[in-house]
Amino acid sequence: MKAYRLAWVFVLFCLLMFVAGCTAVPTPTMPVEDVNVLTDQETEAGWAGVDPSGQSLTFWHQHRGDRAEALDALVAEFNATNEYGITMEASHQGDYSQIFSKMLTLLGTPDVPSLVIAYQYQAASYQLADGLVDLNSLVNDPVWGLSEEEQADFFPGFYASDVFPNFDGARLGFPPNRSIEVMYYNIDWLEELGYSNPPTTPEEFLEMACRAVDEPFSGGVSDESSLGLQWGHSPASLAALTFSFGGDIFDYETGQFTYDDPAAVAALEFIRSVYDAGCAGDVVERGGHYAAFGRGKLLFFFSTTSGMPFAASNVDGGAGFNWGIAAPPRRVDDPVTNLYGASISIPRSSPEQELATWIFVKYFTSPEAQAKWARASNYFPVRQSVAADLDEYFEENPNFETAFSLLPYGKAEPSVPGFEFVRDIVREAMVSIVDGADAATTLAELNAEANAFLAEQLAEQ
């Protein structure tokens, strides 16, 4: 892991040198003076003198299937209706990690996209190279910005999530949607086992998970063995369980990771106890837990609420049972879960392109577009005025309403540079602990390495 960390630092160092001008070669369509330039118009006179007309833009995203089609429809509507002749092209560029890897090689070059999907910790890494536009100047611009009423319409927690204290309060992204980490469960199977509600404590979870192994679901549609839990070794799931066990993975006062929190140790010891009892197994392929769940062979799994349409399609095409979602089992009185979601960031280019991209961002996060996007994507909308009109959708989708009711109990993972790498070593530690490594020792080592890497990242600012 230490070799990997040093390699990552070297990559970021090279990136910083690259952005400084080592190797960038402008193309004929983008003069070198237009690349990564912050003009006096942006810093002093605002954006009033910038003309966004006729700009051609690109939006790198991770969406596939129905979501990609819904996004394409929104982009087409924007292209047909905006008064500036701006055209946006939405382009699938792989998953979040693949997009992040591509962005590291393109920041500060003419090939950077106009708009990119990015988790907050990814945006923080981009900003180590001064690669993103601080959207505060656009949000508050008297001509192009959002009114106080419009700003107040965003859920406060969502709206604040892209402001980075480590970068002098810069707003490095804007929220198009949000999700939470939840526990999926088979309602009909639980009822067959004699339970009327999902588990709320680790002890209840272990009991139900092991009952599922011994008493398979009557409606299962394959001959495979039943499991109580498939565990994906997801850092997001660990964060959710740590929150639910009364702890945190980051101390915001000291600016340090706290993966050695006793709650994190207890959470992973709990997961290992389910393995040790023979009631849990790994997610062995992408989406495998959704598929096993849909076949009626898996009682529980943890995942994002944005996966609810995928769960529904697997169940509808499989065992056809009633299913639900709930907060993870907990050691605290109220439910707690992990609130997260990627935002959209504007890489530095030219003032005209940056302003044109912001105009699209305003459209995409408008109440009208948000209402369409929430229904098509099953993400939570970021505008309160949209959520107030979701009664009919809640009635049609009770699991979405359940998830929405958990929003007040959400906590967030840290938005610090290099967290993409930290998540990789978190996964390694989680696998080691399930395989028998001492949880407290392993997490203490992980925490020391995570904080050492964070210090290296912050030193690059």
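Sequence positions, counted from 1, serve as the residue numbers for this chain.
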E413 side chain to Y340 side chain, donor-acceptor N/O pair below 3.5 angstrom: no

Modelled atom types, side-chain donor and acceptor of N136 and D134, under 3.5 Å: yes

Do F257 and L454 have side chains that get closer than 4.5 Å, going by heavy atoms? yes

Considering non-hydrogen atoms only, spot the tightest contact between M183 and P198 and give its length. CE-CB, 4.1 Å

Do NZ/NE/NH1/NH2 and the carboxylate oxygens of R64 and E69 come within less than 4.0 Å? no

Taking the side chain as every heavy atom from C-beta outward, state whether E192 and S218 have any atom pair closer than 4.5 Å. yes

Can we call the ring centroids of Y184 and F300 under 6.0 Å apart? no

Assert yes or no for the condition that the ring centre distance of F301 to W231 is strictly below 6.0 Å. no

So which of I344, V116, V361 actually passes side chain to side chain contact (heavy atoms under 4.5 Å, CB included) with F59? I344

Begin with the C-alpha distance, continue with both residues' side-chain angles, and end with the deciding distance and a verdict on ring-ring contact (aromatic ring centres under 6.0 Å, His included) for F380 and F155. CA-CA 11 Å; F380 297 127; F155 286 104; 8.9 Å; no

Polar contact flag, side-chain donor to acceptor under 3.5 angstrom, S237-E181: yes

Are any non-hydrogen side-chain atoms of Q93 and Q98 less than 4.5 angstrom apart? no

Classify the angle between the aromatic ring planes of F419 and Y121 as parallel (below 30°), tilted (30 to 60°) or perpendicular (above 60°). perpendicular

For a side chain to side chain donor-acceptor pair (under 3.5 Å) with S343, tell me which candidate from R171, Q122, Q120 qualifies. Q120

If we only count heavy atoms from C-beta on, is the P156 to Q384 side-chain gap below 4.5 Å? yes

Considering all heavy atoms of both residues, which atom of S313 and which atom of F310 are nearest to each other, and what is their separation? OG-O, 2.9 Å

Specify the closest pair of heavy atoms between P417 and L128, including all atoms of both residues, with the distance to one decimal. CB-CD1, 3.9 Å

Which heavy atom of L106 sits nearest to which heavy atom of T109, and what is that distance? O-OG1, 2.8 Å

Ring-ring centroid check F250 Y259, cutoff 6.0 Å: no

If every non-hydrogen atom of F293 is compared with every non-hydrogen atom of L299, which pair is closest and at what distance? CE1-O, 3.8 Å

Are the side chains of K297 and S225 in contact, using a 4.5 Å heavy-atom criterion? no

Ring centre gap for Y126 and F100 strictly below 6.0 Å: yes

Side chains of E428 and S432: any donor to acceptor distance under 3.5 Å? no

Do D153 and S385 have side-chain atoms, one donor and one acceptor, less than 3.5 Å apart? yes

Where does the angle between the aromatic ring planes of Y363 and F78 fall among parallel (under 30°), tilted (30 to 60°) and perpendicular (over 60°)? tilted

Contact check, side chains of K411 and L339, non-hydrogen atoms, under 4.5 Å: no

Within the 3.5 Å criterion, strictly below it, is a donor on Y275 or D435 matched to an acceptor on the partner's side chain? no

For P367 and V386 the tightest heavy-atom approach is O-CG2, 3.4 Å

Are W373 and F364 an aromatic pair, judged by ring center distance below 6.0 Å? yes

Reported OG1-to-CZ distance for the pair T200 and R331, which is rounded to 0.5 angstrom: 10.5 Å

Would you indicate whether the side-chain heavy atoms of F302 and V182 approach each other to under 4.5 Å? no

Can you tell me how far CD1 of I433 sits from OG1 of T441, rounded to the nearest 0.5 angstrom? 9.5 Å

So does R178 pair up with D162, basic N to acidic O under 4.0 Å? yes

Only residue of P199, P202, S244 satisfying side chain to side chain contact (heavy atoms under 4.5 Å, CB included) with P328 is S244

Would you say that W189 contacts F321 through its side chain, given a criterion of any heavy-atom pair below 4.5 Å between the two side chains? no

What distance do L227 atom CG and C279 atom SG have between them, rounded to the nearest 0.5 Å? 8.0 Å

Between R427 and D424, is there a side-chain N and carboxylate O pair less than 4.0 Å apart? yes

Is the ring centre of F270 less than 6.0 Å from the ring centre of F205? yes

Check the side chains of E420 and S97 for a donor-acceptor pair under 3.5 angstrom, ignoring hydrogens and angles. yes

Any Lys/Arg nitrogen of R348 or E354 sitting under 4.0 Å from an Asp/Glu carboxylate oxygen of the other? no

